[in-house]
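Written out below as structure tokens is the structure these notes cover.
Predicted model, so just to flag it, every value in this text is computed and none were measured. Within every chain, numbering begins at 1; the chains are lettered A, B, ... in the order of the sequence lines, protein sequences first and strands thereafter.
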Amino acid sequence: MGTRRRSVISSPAGLFLTVVLSQCLDLIGAFGQNQDTELTFLLPAGKMECFYQTASKNGSMEVEYQVIAGAGMDVDFTIISPIGYQLTSEFRKSDGIHTVEPTEEGDYRICFDNSFSRFSEKMVFFEVILEGPGGDAGGEDDWADIAEPESLLEYKLEDIRDSIDSVHRRLERSRQMQMSLRMFEARDRNLLEDNLWRVSFWSCVNMLVLLGVAFTQVYTVRRLFDDKRRVRT
Amino acid sequence: GSCPGPGPKRGPRWERVLSVLLVSLLCKLTHSLYFHIGETEKKCFIEEIPDETMIIGNYRTQLYDKQREEYLPATQGLGVFVEVKDPDEKVILSRQNGSEGRFTFTSHTPGEHQICLHSNSSKFALFAGGMLRVHLDIQVEEHTNNYAEIAAKDKLTELQLRVRQLVEQVDQIQKEQNYQRYREERFRQTSESTNQRVLWWSIVQTLILVAIGFWQMRHLKSFFEAKKLV
């Protein structure tokens, strides 16, 4: 290791203090974070849920949603810009993906509407991926302050740093795609489990109807002849 | 506006670290998604996660001030009640927090965990039919790492820290994939079970139909013979 200044943080007390303070200030996840949000929520029948996302000027915002459970597996979707202009409006779709570029400064409103359904509650997954004006996730990876100083030669460092940054971004994208595929699988699984229940239920009903009809037929024919017999004599 | 940059470059290192982290925290929750909760409303979110996975949720609430006609940070009396249920409907976390805070839990069984939030206002007058604005941010696994802490603890250079982040990312992706494999197996079992049930039931149904047909004919024949019609 190269020369390292003796700083407060090297001493055990300083280290402890930093850790304790960061815990007190609830700083888990403050660094190395993207500002992407992914949520799965339950949308009751006949209701509408809206989420608001703050965006910066000239950035881009990508919204992807999937309905993963609920009869019909569809929902109404709208995006409304900060000034109140409706950017997208989809009716009864089961999944969709929209990109708003360039974004205006303010709060975008993302709404899911289940008013058309009277009885079935929907489970909806959506994710919002934000990017700043520079095409990056907004200054998250500036760690020069918190890490130890580099002992490598400066001119090679930039290249390595760039390639690591590129790998990091691609891995994030892989993870997001993985999430998307996982939601498709969850949706198929929920659909299949519903099918299983439906098959069992309707088979039982079928058998009961079958037996009922059989006995009714026999009974009716017997009654028919009993009456005639009585009429004749 | 956009998030401010790295911050002060002078001063003792731990001071710089702290100030940058503080600014980042405020910046992070300012840009997160938010939604509104009514007085008795309960909002639930689902997280499907593998076992032994940690989830951290940060939230911040604001209350609508009618006089100033804007959303201001909520007072101490207005809290948020957080309840987390595991896939077997067992409550694993049930906390009553202040108007701003964080909740953490680690899953012990893989599956769908339900995170429910509802307002816990001890002063209903404050609410007065308005809505509570909740900024929520839920992070899973790798994103829960506090890299500032890791850098300080292991004394890593920037490059080492970045590589460490990549390793954690790949770990998480691999863990997800393993979980995906387990889910796909369950999916396949359900699918085969449904298939079998449909097949078995069709056969039984046909047999019952034929048997009932025979029984009907035989019964009616003996009935007519008894009544001397045939």
Side-chain angles (χ1 to χ4, degrees), chain A residues 7-9 14-15 18-19 21-22 25-33 35 37 39-42 51-54 56 123 128 132 138-139 142-148 150 160 164 167-168 171 174-175 178 182 185-186 189 192-193 195-196 199-200 203 206 210 214 217-218 221-222 225 229, chain B residues 1-3 5-6 12-14 16-18 20-22 24-25 28 31-35 44-48 56 102 139 143-144 146-149 151-152 155-159 161-163 165-166 169-170 173 176 180 183 187 190-191 194 197-198 201 205 208-209 212 216 219-220 223 227:
Chain A
S7 62
V8 178
I9 221 155
L15 181 66
T18 310
V19 171
L21 276 172
S22 64
L25 292 170
D26 278 343
L27 291 167
I28 293 285
F31 261 100
Q33 289 301 320
Q35 291 169 12
T37 316
L39 286 175
T40 312
F41 66 98
L42 283 167
F51 295 88
Y52 302 81
Q53 173 69 55
T54 316
S56 53
M123 199 190 297
V128 180
D142 217 322
W143 282 339
D145 287 343
I146 64 169
E148 297 281 310
E150 232 26 275
I160 299 175
I164 288 186
V167 172
H168 169 62
L171 282 177
S174 302
R175 196 193 61 84
Q178 196 182 39
R182 184 231 278 185
E185 185 270 339
R189 187 166 22 96
L192 191 67
E193 279 168 9
N195 279 350
L196 184 67
V199 163
S200 304
S203 303
N206 207 347
L210 199 69
Q217 278 179 330
V218 170
V221 170
R222 285 182 69 133
F225 284 97
R229 213 43 206 183
Chain B
S2 61
C3 267
R13 220 162 127 265
W14 65 269
R16 274 189 285 146
V17 173
L18 246 38
V20 176
L21 290 176
L22 185 62
S24 296
L25 170 71
K28 168 123 189 80
H31 275 65
S32 60
L33 203 74
Y34 66 83
F35 52 92
C44 289
F45 299 94
I46 315 246
E47 283 293 333
E48 184 162 11
I56 293 181
R102 157 166 81 97
Q139 298 292 339
H143 290 162
T144 66
N146 185 350
Y147 287 99
E149 238 178 77
K155 306 234 191 312
L156 300 174
T157 64
E158 189 183 341
L159 220 54
L161 199 62
R162 280 172 185 260
V163 172
Q165 188 189 35
L166 291 180
Q169 259 185 317
V170 172
I173 291 179
E176 269 293 326
Q180 179 71 18
R183 269 192 310 242
F187 184 25
T190 311
S191 184
T194 308
R197 278 192 210 194
V198 168
W201 193 253
Q205 216 172 41
I208 290 181
L209 195 68
I212 282 187
Q216 275 185 325
H219 180 91
L220 286 174
F223 174 69
K227 300 285 183 187

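In this structure, CD on A:Q217 lies 4.5 Å from CD on B:Q216, to the nearest 0.5 angstrom. Rounding to the nearest 0.5 Å places CE of A:M123 at 5.0 Å from CG of A:L42.
Looking at B:I212, the atoms closer than 4.5 Å to chain A (heavy atoms on both sides) all sit in the side chain, from C-beta outward. For A:V199, the part lying near chain B is the side chain, with the backbone staying farther off; criterion is any non-hydrogen pair under 4.5 Å. At a 4.5 Å heavy-atom cutoff, the contact between A:Q178 and chain B is made by side-chain atoms alone. Only the side chain of B:L220 comes within contact range of chain A, with at least one heavy atom under 4.5 Å from a heavy atom of that chain. Interface residue A:S203: backbone and side-chain heavy atoms are both found under 4.5 Å from chain B.
Chain B forms the most heavy-atom pairs under 4.5 Å with one residue out of A:T37, A:V128, A:L192, and that residue is A:L192. For the options B:T190, B:V163, B:V170, heavy-atom pairs under 4.5 Å to chain A are most numerous at B:T190.
Taking the six-membered ring for Trp and the full ring otherwise, B:F35 and A:F41 have centroids separated by 6.0 Å or more.
For the pair B:Q205/A:N206, a side-chain contact is recorded, criterion being any heavy-atom separation below 4.5 Å from C-beta on.
Between B:Y34 and A:Y52, the ring planes are parallel. Angles under 30° get that label, and only those over 60° would be called perpendicular.
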Give the intermediate values and the outcome of side-chain contact (heavy atoms from CB on, under 4.5 Å) for residues B:E176 and A:R175.
CA-CA 9 Å; B:E176 269 293 326; A:R175 196 193 61 84; 5.9 Å; no
